[in-house]
Peer 1: 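Below is the structure I would like to discuss, written out as structure tokens.
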Amino acid sequence: MDKHRLTVRPTPKSGESLTSFLFRTGISNGCDKMDIWRDIHTGSVHMLRSNLYYRLDYDFCLIDPKRLSRLLDITLDSIAQLSYFTVCSKFFNNPYQEYDRAMVMIQKALDKKSRKFCPSCIKQEDVYKLIWQLKEIDNCFIHNIKLESNVKLVDIPVVVADTNDLSQQKKTYHRWLFLLESDQMLTKRYGKLSMERSLALKLLFVAQNQATDYIRKDIVGFSKNLVKSLVAFVRGNSVVKKVTQSLLFEVLDYANMNIEQFSKIDVPKSYLNSILTVKEKKVSPSRACMTPWCCNSEHQRMILVNERVEPRKKGIRYPYYFVCEGCFMRYAYQPATNQWQEIDGKIDLISSVKNLAENGLTRTEISRELKINYFRISEIFGYLAYHRLMPDSIGSQYTFSNVPENLVSLFEELQYELHTYPETKYKKTRERYGWNLKMFSYYYAHSEVQLYFIHKSSDLKKPLKRHRDLSIRAERIINDLTLAEMPVSLSKVAVALDCSEKTIHSYDITTAIQKAKDKQLTRRRHNEEKELRKIFDNLITDHGDKNPILMRTVYDSLGRHRDYIVEKYPGLINYMTASVKEVNEKDKSYKLQLLINRIREAIQQLIKSQRNLSVAAVARYLGIQYIHAKGYKIVKEKIEQEIENYLFAHNNS
């Protein structure tokens, strides 16, 4: 549409909806409202239907705001005030980016089954107001009357003022007026928090009666699970987002404050810091060593290691553990039962190796018997020899008297961790010092060496410059893979960086890789949804045989089963179901009209031939021999109705 064709450009009125404004513009310029929508429309052409016109008030992705601004010579801010975009902008930094969540939040608040209006406002201002479409609003507080619905505007009835108690209605009405004002804000942004995370912070603050420090148990305005979710969201530990308009209203009711008071509240820095600061865990006191051959019977000789450990076979995560200074077994309190236990199963393993060795089995034979790495078995032999747990006839084969004085320094130069694989540790010592496997195992079991590794700070955190350089290179590689539309993966980035996947984990590059993978997945799903929608739209457009469309046929055309679409694209399944229902209703109506036309024709032919007019006679004319049989109920009813209509019209004439 050429903008010069719109010679009259009305000014938006206070509280007016976008559909009302476009309707007035069309009337003023002698054109249809749908013509204007077609010109500013974005998305699928199948959304351009008059029965979906109301969606323009809240679905801000159905129009091009810049084109509308040029067409009607109004500002983008003025356009935003005509829709529920102003509400979304109070919850999200970028409502377009959070489109799906914004639509869910807004649609839950709207009455999409009817169009409510105030007859008096229509007479005075000739506009349809945005706030009338809310489910919770049933009254006009300007004229103190109940809103009407589904009534033609040219036939406005006389209304009587409703003087019932409307305190709750008024409260809700004023809250929404605030949300619809574009120059009002619910909260400022705190630190580096986004708008939604800042709003979650303020909701927690108000729900805790504006305390200076966060204490979870003091928040009674929310459920415990919701508090936990909001706190994790504020901290950035969770992507689960719970901040909605209904949650905001719930907090306002709990705090007994209006929305203006809420917007003026400033959350103190101490409250934010208390949420972001994770309190230190309370460490349970240790207990005595449970190793049979250990002489350490006092828990005071237990070394606390405040480091998470996850035994592979048990699948249990411990926030901290203790190491016995005498035998170097690891202990902790089992999280589920809070029972003190050895967490690696080394006591049983060492005992089993000891028994098998005493029975004459070699390291190789024990490795095959227990199905445990040969180098790991060799380490245990060194441990048994050092602690003199085997008979001298066996232990002497694995004992070395010439122990270097600087043994700890020699291991320190190798720069590996306590949890490094045994074969890797041995390989380094062999290359550096020429030790054989027996010698390495015996030296490694030395108490000073074990204590060194226990107290050694992790070398996984490399120098800052190297960390930064590797992160920059990784970012470039990830960007290159993304631009080339190649799937981003841990292995591909590792190959491109010429490093191991373990190094990538150590430098925490996995976070950037996962973000890139998530973006690619989102983009792929978006493109797939567009393609599926296009196929479906073509199926609807090409449907011309007047037969009902079955959802099974739709899924066959898309090449996707129902469960897949429901899981991946819930919005698409709703759109398809509504469209198929509409097409089938039209087909049903079309076929019913054809049937009525044939019945009327049959009645006319029977009258002309002066034959007896009856249900059976009309049915035989239609080719139906047994009209009273099961399956012809609707046809029979239509024949009876048309005969009755004909006789009534004939008698009155």
Peer 1: Evaluate side chain to side chain contact (heavy atoms under 4.5 Å, CB included) for Y84 paired with D59, printing each intermediate quantity in order.
Peer 2: CA-CA 8 Å; Y84 285 95; D59 195 341; over 6 Å; no

Peer 1: Might you point out which heavy atoms bring M195 and T187 nearest each other, and give the distance in Å?
Peer 2: SD-O, 3.8 Å

Peer 1: How close do S198 and L193 get, heavy atom to heavy atom, and via which atoms?
Peer 2: OG-CB, 3.5 Å

Peer 1: Apply side chain to side chain contact (heavy atoms under 4.5 Å, CB included) to Y590 and L595, showing your working.
Peer 2: CA-CA 9 Å; Y590 174 79; L595 174 63; over 6 Å; no

Peer 1: Do D537 and Y575 meet the criterion of a side-chain donor-acceptor pair at a distance under 3.5 Å?
Peer 2: yes

Peer 1: Under a plain distance cut-off of 3.5 Å, with no hydrogens placed, do S182 and Q81 share a side-chain donor-acceptor pair?
Peer 2: yes

Peer 1: Tell me every residue that passes salt bridge (Lys or Arg N to Asp or Glu O under 4.0 Å) with K492, counting only those two or more places apart in sequence or in another chain.
Peer 2: none

Peer 1: State which residues pass ring-ring contact (aromatic ring centres under 6.0 Å, His included) with F60; sequence neighbours excluded, sorted by chain then number.
Peer 2: F85, Y96, Y99

Peer 1: Mark yes or no: R560 above the aromatic ring of Y564, with NZ or CZ under 6.0 Å from the six-membered ring centre and no more than 45 degrees from the axis.
Peer 2: yes

Peer 1: If we ignore angles and hydrogens, is there a donor and acceptor under 3.5 Å between the side chains of S78 and T75?
Peer 2: yes

Peer 1: State plainly whether the residues K568 and E528 are in salt-bridge range, i.e. N to O under 4.0 Å.
Peer 2: no

Peer 1: Does the side chain of D57 reach to within under 4.5 Å of the side chain of Q133, using non-hydrogen atoms?
Peer 2: no

Peer 1: With distance as the sole criterion, is a donor-acceptor pair present between the side chains of S557 and R552 under 3.5 Å?
Peer 2: no

Peer 1: Does some side-chain heavy atom of W176 sit less than 4.5 Å from a side-chain heavy atom of E136?
Peer 2: yes

Peer 1: Cation-pi between K33 and Y53: NZ/CZ under 6.0 Å from ring centre and within 45° of the ring axis?
Peer 2: yes

Peer 1: Rounded to the nearest 0.5 Å, what's the gap from CE on M576 to CG on L532? Could you check?
Peer 2: 7.5 Å

Peer 1: In Å, rounded to the nearest 0.5 Å, how long is the span from CH2 of W132 to CG of N139?
Peer 2: 12.5 Å

Peer 1: On the ring face of Y569, is R525 found with NZ or CZ under 6.0 Å from the centre and within 45° of the axis?
Peer 2: no

Peer 1: Which of parallel (below 30°), tilted (30 to 60°) and perpendicular (above 60°) describes H41 and W37?
Peer 2: perpendicular

Peer 1: Any salt bridge between E529 and R533, counting N to O under 4.0 Å?
Peer 2: yes

Peer 1: Between K588 and L592, is there a side-chain heavy-atom distance shorter than 4.5 Å?
Peer 2: no

Peer 1: Kindly write out the residues that satisfy side chain to side chain donor-acceptor pair (under 3.5 Å) with K202, not counting sequence neighbours, or none if the list is empty.
Peer 2: none

Peer 1: Within the 4.5 Å heavy-atom criterion, are L521 and R524 side-chain neighbours or not?
Peer 2: yes

Peer 1: Of the non-hydrogen atoms in T86 and S83, which two are nearest, and what is the gap between them?
Peer 2: OG1-O, 3.5 Å

Peer 1: Using every non-hydrogen atom in the two residues, find where D138 and K146 come nearest and quote the distance to one decimal.
Peer 2: O-CG, 3.4 Å

Peer 1: Got F536 and V580 here, is their nearest side-chain heavy-atom distance under 4.5 Å?
Peer 2: yes

Peer 1: Any heavy-atom pair between the side chains of L186 and F178 that's under 4.5 Å?
Peer 2: yes

Peer 1: Salt bridge check: are K515 and D518 linked by an N-O gap of less than 4.0 Å?
Peer 2: no

Peer 1: Is a donor from one side chain sitting under 3.5 angstrom from an acceptor on the other, for N597 and Q593?
Peer 2: yes

Peer 1: Looking at side-chain heavy atoms only, is the closest gap between R562 and V566 below 4.5 Å?
Peer 2: yes

Peer 1: Regarding R175 and D253, does a basic nitrogen lie under 4.0 Å from an acidic carboxylate oxygen?
Peer 2: yes

Peer 1: Going from CG on D556 to CE on M551, what distance comes out if it is rounded to the nearest 0.5 angstrom?
Peer 2: 11.0 Å

Peer 1: Are any of the side-chain heavy atoms of M105 and F92 separated by less than 4.5 Å?
Peer 2: yes

Peer 1: Determine the minimum heavy-atom distance between K113 and D111, stating which atoms define it.
Peer 2: N-OD1, 3.1 Å

Peer 1: Please find the pair of heavy atoms, one from R600 and one from E642, that lie closest to each other, and give the distance.
Peer 2: NE-OE1, 3.0 Å

